[in-house]
> 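Sending over a structure as structure tokens; questions will come in a sec.
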Amino acid sequence: MPNWQLDFEHERELQTVAAARFVEERARRRSLHVVLAGDFDADPDAASVRFWSGRQSLGGTSVCYRDAWESKNPGDPGHPFTPRNPLVTDWDWPFRQIDYIFVRCGDHGGPTLEVSTCARIFDEPIDGVWASDHFGVVADLAVPTRSSALLP
């Protein structure tokens, strides 16, 4: 999503629908696991992010992906973009959760890959050097076994 500006949610929505149609067309043909990860430049309440998580349709299109962070850290916003990081130049930026790892859900609603863990990384400097103005987000994913797919 190249449109980080706060008043560009409409553009993020258009980009999101175009990306989803592209991905879904390829994934459905081959029954693939799909993981989308990156800086989505929008918080969890934004239409573009709600779309990915199956909570809102856009442009006559619906998809459902599981947010790995939300799945393994319920109630913890994670905040990979925060003024705690001195590289963040806008101390008052309202979006703190803008980086995501989404796992495509299958026909029965759950993700096709099990999210074992999801954590923030690079959230401390090493020898005084910060990796980025965003902290990293990493998830361990696995193809679920039949028994783990049946667990709540």
Side-chain angles (χ1 to χ4, degrees), residues 1-83 85 88-90 92-123 132-152:
M1 302 300 156
N3 297 103
W4 56 267
Q5 298 89 336
L6 294 176
D7 59 344
F8 276 51
E9 180 59 18
H10 175 71
E11 288 77 4
R12 284 188 290 276
E13 291 174 18
L14 296 173
Q15 294 163 353
T16 296
V17 170
R21 287 181 177 152
F22 177 85
V23 170
E24 290 298 307
E25 179 182 303
R26 280 141 189 85
R28 285 201 174 113
R29 272 193 256 144
R30 298 177 52 205
S31 200
L32 299 172
H33 297 290
V34 178
V35 177
L36 301 173
D39 176 354
F40 285 63
D41 286 322
D43 70 6
D45 292 329
S48 57
V49 175
R50 290 176 53 77
F51 171 81
W52 285 118
S53 61
R55 294 178 173 109
Q56 178 174 337
S57 64
L58 289 175
T61 303
S62 295
V63 297
C64 187
Y65 288 70
R66 185 67 43 88
D67 176 353
W69 182 269
E70 180 183 38
S71 179
K72 297 318 275 183
N73 302 285
D76 180 352
H79 293 168
F81 193 71
T82 171
N85 182 332
V88 172
T89 57
D90 187 347
D92 192 34
W93 187 258
F95 300 164
R96 303 286 178 232
Q97 176 63 31
I98 59 176
D99 300 288
Y100 301 89
I101 299 172
F102 285 112
V103 180
R104 186 172 183 263
C105 293
D107 293 337
H108 298 287
T112 64
L113 295 170
E114 180 181 350
V115 181
S116 303
T117 64
C118 188
R120 203 172 57 196
I121 58 172
F122 306 124
D123 56 353
S132 170
D133 61 339
H134 295 234
F135 299 151
V137 180
V138 64
D140 289 320
L141 307 172
V143 175
T145 63
R146 182 158 168 62
S147 59
S148 70
L150 299 175
L151 295 175

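For the numbers below, each heavy atom of this structure counts, side chains included, while hydrogens, waters and symmetry mates do not. On a predicted model such as this, the values are computed, not experimentally measured, just so you know.
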> Do Asp99 side-chain atoms and Gly136 backbone N/O form a donor-acceptor pair below 3.5 Å?
no
> Check side-chain hydrogen bond (donor to acceptor under 3.5 Å, both in side chains) between Glu13 and all other residues, then give those that pass, not counting sequence neighbours.
none
> Check Leu58 against Ser48 and note the closest heavy-atom contact, atom names and distance.
CD1-CA, 4.2 Å
> Rounded to the nearest 0.5 Å, how far does NE2 of His134 lie from CZ of Phe81?
4.5 Å
> Going by side chain to side chain contact (heavy atoms under 4.5 Å, CB included), name the residues that satisfy it together with Arg28, two or more places apart in sequence or in a different chain.
Glu24, Arg104
> Just how far is it from atom OG1 of Thr82 to atom CG of Asp133, taken to the nearest 0.5 Å?
11.5 Å
> To check you understand the geometry: which heavy-atom pair defines the closest contact between Gln97 and Tyr100, and what is its length?
O-OH, 2.8 Å
> In residues 72-80, what donor-acceptor pairs under 3.5 Å come from side-chain atoms, sequence neighbours left out?
from: Lys72; atom 1: NZ; to: Val115; atom 2: O; distance (Å): 3.4
from: Asn73; atom 1: ND2; to: Trp69; atom 2: O; distance (Å): 3.4
from: Asn73; atom 1: ND2; to: Cys118; atom 2: O; distance (Å): 3.0
from: Asp76; atom 1: OD1; to: Gly78; atom 2: N; distance (Å): 3.0

> Hey, could you give me the CD/CG distance between Glu9 and Leu14, rounded to the nearest 0.5 Å?
10.0 Å
> Decide yes or no for Asp67 and Ile101: does some side-chain heavy atom of the first lie under 4.5 Å from some side-chain heavy atom of the second?
no
> Please name all residues satisfying side-chain hydrogen bond (donor to acceptor under 3.5 Å, both in side chains) with Arg21, sequence neighbours left out, ordered by chain then number.
Thr61
> Among residues at least two apart in sequence or on other chains, which ones pass side chain to side chain contact (heavy atoms under 4.5 Å, CB included) with Leu36?
Val23, Val34, Phe40, Trp52, Tyr65, Phe102
> Take atom CZ in Phe8; do more than 12 heavy atoms of anything else shown fall under 6.0 Å from it?
yes
> Taking all heavy atoms of Val103 and all of Pro111, pick out the closest pair and write down the distance.
CG1-CB, 3.8 Å
> To the nearest 0.5 Å, how far apart are CD1 in Ile98 and CG in Asp41?
5.5 Å
> Using the test salt bridge (charged side-chain N to carboxylate O under 4.0 Å, His left out), find all partners of Arg50 that sit at least two apart in sequence or belong to another chain.
none
> Can you name the closest pair of heavy atoms from Phe135 and Asp123 and give their distance?
CD2-CA, 3.4 Å
> Test your reading of the model: is there a side-chain donor-acceptor pair from Thr16 to the backbone of Arg12, 3.5 Å cut-off?
yes
